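Everything numeric in this text was worked out from a predicted model, so none of it was measured.
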Amino acid sequence: MYAERPSRLDGAIVWTRATGPADPADPGTRPVLPDGCMDLIWADGTLMVAGPDTRAYVPESPAVAYAGVRFAPGDAPAVLGTEASALRDRRVALADLWGDRTARRLADRVTAAADRAAALEELVLRRAADAPAPDPLLRAVVALLRAGQPVGAAADAVGLGVRRLHRCSLAAFGYGPKTLARILRLQRALALVRAGVPYAEAAHRAGCVDQAHLAREMRALSGTTLSRYTASLAASGSVSAPPSASASASASAYRETADPSGSSTTA
């Protein structure tokens, strides 16, 4: 019951999810993996912000209905009015950032809308119109890291020193560029696994040293294994073809699907 579409806000995604209450088989109740993004979320009548994750997030009491706007990496702080590092690994009520009265008024507006996702998107678009434009240098950094470039090379390409890039990254992404690079590399590997690529090949193509390296990264960032990840994909029908048995037996890593907590990936 998950759906998403490109937002009218450049680089963002609008998504919705409906879940069954306390259904352990539903992705809405499973851990959400880091993806470098932040979300503004409407959940059962309230508005919240999902900060940038450095580890898997496990919803304690999943809502029944969600609508969200997932910002491109680095874009949310200007719209929300707070640095990403202040929200790292956190889920906070929008009232904590914009005040109770404003947050309640906006939440009620979204709740009353026939299309809650569209209403939430409109809210974000209005806020973004009055916010500073995304930093083109940081967007370039994201593109370079997403393509597998080393942090030093990305810093050189945009004309920033490594230390300055680190400071800018904390404010924009919630963590340093090396952490962002690891998260984006994990996402590249998982995308390949979902396409049916064997673990070892996915690790190599994503930029890991070897399959064992990918396994360590998956455990560090997700706390689960590749075999469990691919098993969940197979159960949901969202993987093209299962990896080979030998790959499944020797890899430890993570799994992904779209979910309402600041990431498009769940374990």
Side-chain angles (χ1 to χ4, degrees), residues 2 24-27 29-37 52-58 70 73 88-89 141-157 162 165-166 169 173-259 261-267:
Y2 175 86
D26 189 279
T29 68
R30 301 204 302 264
V32 182
L33 309 193
D35 62 0
C37 300
D53 292 324
T54 61
R55 58 181 181 269
Y57 168 74
V58 181
R70 180 173 303 119
R88 182 174 57 239
D89 294 318
V141 167
V142 172
L144 290 164
L145 296 180
R146 187 169 274 149
Q149 291 294 312
V151 170
D156 290 343
V162 173
L165 175 58
H166 184 81
S169 295
F173 310 126
Y175 31 62
K178 289 185 178 180
T179 298
L180 178 61
R182 289 176 62 204
I183 289 170
L184 295 177
R185 181 176 60 197
L186 176 60
Q187 291 289 336
R188 291 196 301 275
L190 293 180
L192 291 166
V193 168
R194 291 194 303 276
V197 176
Y199 300 157
E201 182 181 348
H204 175 73
R205 289 170 58 181
C208 294
V209 174
D210 53 23
Q211 184 175 324
H213 181 200
L214 173 59
R216 291 192 298 271
E217 287 292 273
M218 296 299 265
R219 281 193 176 278
L221 292 170
S222 74
T224 189
T225 67
L226 265 179
S227 56
R228 290 175 182 171
Y229 177 73
T230 51
S232 73
L233 294 177
S236 65
S238 54
V239 63
S240 298
S244 66
S246 60
S248 179
S250 61
S252 296
Y254 201 10
R255 70 178 168 167
E256 168 180 280
T257 60
D259 197 60
S261 80
S263 175
S264 61
T265 12
T266 61

So does His204 have more than 12 non-hydrogen atoms from other groups sitting under 6.0 Å from NE2? no
Step by step, work out the side chain to side chain contact (heavy atoms under 4.5 Å, CB included) result for Arg55 and Asp89. CA-CA 7 Å; Arg55 58 181 181 269; Asp89 294 318; 3.2 Å; yes
Under the criterion side chain to side chain contact (heavy atoms under 4.5 Å, CB included), I'd like the reasoning laid out for His166 against Val151: C-alpha separation, chi angles, the key distance, then a yes or no. CA-CA 10 Å; His166 184 81; Val151 170; over 6 Å; no
Should Thr179 and Phe173 count as side-chain neighbours, where that means a heavy-atom distance under 4.5 Å? no
Roughly how far, to the nearest 0.5 Å, is the CD1 atom of Ile183 from the NZ atom of Lys178? 14.5 Å
Nearest atoms (heavy-atom pairs only) where Ala157 meets Leu144: CB-CD1, 3.7 Å
Nearest heavy atoms of Pro52 and Gly174, plus distance in Å: CG-CA, 3.9 Å
Considering all heavy atoms, the nearest Ala220-Arg182 contact: CB-NH2, 3.7 Å
Smallest separation among heavy atoms of Gly36 and Leu180, with atom names: CA-CD1, 4.1 Å
Close side-chain approach of Arg185 to His213, heavy-atom, < 4.5 Å: yes
Rounded to the nearest 0.5 Å, what separates atom CE in Met218 from atom CG in Leu186? 4.5 Å
Quiz question: by atom type and distance under 3.5 Å, do the side chains of Ser227 and Thr225 form a donor-acceptor pair? yes
Does Glu201 reach the main-chain N or O of Leu192 with its side chain, forming a donor-acceptor pair under 3.5 Å? no
Reported CG-to-OG distance for the pair Leu145 and Ser169, which is rounded to 0.5 angstrom: 8.0 Å
Tyr175 to Thr54 - nearest heavy-atom pair and separation: CD2-CG2, 3.3 Å
Report yes if the side chains of Arg205 and Val197 come closer than 4.5 Å at any heavy-atom pair, otherwise no. yes
Find out whether Pro73 and Arg146 are in side-chain contact, i.e. whether some heavy atom of one side chain is under 4.5 Å from a heavy atom of the other. yes
Which pair of heavy atoms, one from Ala155 and one from Leu165, lies closest together, and at what distance? CB-CD2, 3.8 Å
